[in-house]
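Below: one structure, written as structure tokens.
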2 protein chains.
Amino acid sequence: MTRGYHHGDLRAALVRASLDLLAEGGPGAFSVAQVARRLGVSTAAPYRHFPDREHLLSAVAATAARDLAAEVTAAADAAGTDPVDRFAAAGAAYLRFAVRTGAGFLVIFSAELSEVDDQERTAATRALMSGWIDLVTATGDRPMQDSLHLIEEQIALAQGYTALYTQGFFHRSSVPVDEIADRVALGSRRLITGDASAP
Amino acid sequence: MTRGYHHGDLRAALVRASLDLLAEGGPGAFSVAQVARRLGVSTAAPYRHFPDREHLLSAVAATAARDLAAEVTAAADAAGTDPVDRFAAAGAAYLRFAVRTGAGFLVIFSAELSEVDDQERTAATRALMSGWIDLVTATGDRPMQDSLHLIEEQIALAQGYTALYTQGFFHRSSVPVDEIADRVALGSRRLITGDASAP
DNA sequence: GTCTATATATTGATAGAC
DNA sequence: GTCTATCAATATATAGAC
């Protein structure tokens with residue numbers, strides 16, 4: 001084991017390495033010790049930057065929330081100006097992000113983080129949801145609770161496909177992730193328009 | 001630690017106790033040692049009935065598949081004779097089962113089981129999917145691939161809601177599981193009919 | 001701020017007594 | 001068929017040297 005002194009921003013490096021672990025092996029692959037090992041530092045080093053495992057995971061969730069918000073916004077903008085197109089693109093972007101990074105809503109809103117006081121994370125998650133609400137309200141005036149339900153249903157659909165895809169229900173080699181992303185986009189569209197007609 | 005000789009069908013008891021663990025703490029709560037502890041037997045005892053951890057999980061998956069198939073069938077029958085009603089009831093039944101037991105498709109079709117040779121499990125999963133295909137084909141003639149896609153989308157939706165619900169995205173105390181089940185039923189209905197009109 | 005070393009717990013799995 | 005005892009890994013976390 002080549003282990004040396006880490007020079008630079010170890011705190012940020014720990015978060016990035018944690019995200020890499022999640023991407024490669026899912027939630028079960030994450031451990032403080034494994035993250036340290038990957039960076040070539042001692043297993044004690046992370047505890048200089050985070051009081052415990054949960055606070056590291058909270059920082060990971062904050063970063064994931066910011067990254068996801070950026071990708072969803074970019075995908076919506078790339079889809080043009082039609083609100084339904086933008087909402088559908090957001091759903092597809094969520095699926096791609098969650099499959100690629102392993103850090104979707106289940107990491108960002110994980111129940112074990114709910115009691116971790118971390119303003120960075122709460123700010124990031126609030127911004128994420130706020131942007132998403134904007135996307136859905138642009139498609140039409142409706143009670144706020146209806147908007148929230150639409151988002152919940154879209155996320156449930158996208159997260160469900162993500163789980164089935166990453167956990168091997170699909171023959172992953174023969175079904176490209178873009179095909180699943182298209183199904184999420186179509187489902188999202190149907191949520192708004194009430195039917196299954198293509199764009 | 002009160003530990004004694006187990007009298008009776010330890011094999012079946014191990015499977016039941018495993019399901020209890022999954023129900024209480026999700027996949028992360030399962031371990032061979034914990035299952036043994038719960039039954040008051042030594043950690044070596046399970047290895048007399050299963051060669052390793054994965055074969056125990058495979059037996060758990062087989063039982064879950066049989067139980068789920070029975071509940072889905074019962075829910076469809078209770079919904080009457082209209083094929084759309086029956087399909088929607090199946091989706092709601094899946095959500096209730098997965099929330100209550102922690103053993104949905106992610107356990108039954110877990111990737112780590114794909115290389116475990118277990119005829120009981122493969123027979124149970126085949127029967128489960130076969131019954132589900134019957135439910136969707138009863139709603140109308142369509143290419144088999146379309147039927148499979150409808151099931152996948154329904155399961156993705158239901159599994160996504162299950163994950164969001166069990167992992168704490170919803171304020172679990174204030175949202176009853178039946179309300180989420182109704183949303184899955186409505187979404188399932190929309191998959192078939194192409195719109196969001198209630199029954 | 002990072003190291004080495006350590007304490008403690010838990011895991012999956014095996015050997016051998018009964 | 002179940003037990004006790006044990007092994008090698010791995011985990012979270014801490015104490016004290018540098």
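Quick caveat, the model's predicted, so the values are computed rather than measured.
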Separation of atom NE2 in B:H49 from atom C1' in D:dC3, rounded to whole Å: 13 Å
Which of these nucleotides, C:dG12, D:dA15, D:dA11, is closest to any side-chain atom of A:Q34? D:dA11
To the nearest angstrom, the CG-C1' distance between A:L56 and D:dT12 comes to 12 Å
Whole angstrom value for the distance that separates C1' of C:dG12 from CZ of B:R37: 12 Å
Parallel under 30°, tilted from 30 to 60°, perpendicular over 60°: which one fits the rings of B:Y94 and B:F105? perpendicular
For atom CD of A:E24, decide whether the heavy atoms of other residues, nucleotides or ligands shown that lie under 6.0 angstrom number more than 12. yes
Tell me: CG of B:L14 to C1' of D:dT2, nearest whole Å? 12 Å
Check whether any side-chain N or O of B:R11 sits under 4.0 Å from OP1 or OP2 of D:dT2, and answer yes or no. no
Tell me which of A:R48 and A:S31 sits closer to the 5' end of DNA chain D, going by the nucleotide each one is nearest to. A:S31
Looking only at the side chain of B:R53 (C-beta and beyond, no hydrogens), which of the listed nucleotides D:dG1, C:dA13, D:dT12 gets closest? C:dA13
What is the separation between atom CG on A:L10 and atom C1' on C:dC3, rounded to the nearest whole Å? 13 Å
Is any NZ, NE, NH1 or NH2 atom of the basic residue among A:E120 and A:R66 found under 4.0 Å from an Asp or Glu carboxylate oxygen of the other? yes
Closest to the A:S42 side chain: C:dT11, C:dA13, C:dC3? C:dC3
Between D:dC7 (C1') and B:Y47 (OH): distance, integer Å: 13 Å
Among the nucleotides C:dA13, C:dG12, D:dA13, whichever has the atom closest to the side chain of A:D52 is D:dA13
Got A:I192 and A:V136 here, is their nearest side-chain heavy-atom distance under 4.5 Å? yes
Sidechain N-carboxylate O distance under 4.0 Å for B:E71, B:R96: no
Taking CG from B:L57 and C1' from C:dT11, how many angstroms apart are they, rounded to a whole number? 14 Å
Whole-Å gap separating P (C:dC3) and CG (A:L39): 10 Å
Contact class for A:A45 vs. all strands (heavy atom < 4.0 Å): base, sugar-phosphate, or nothing? sugar-phosphate
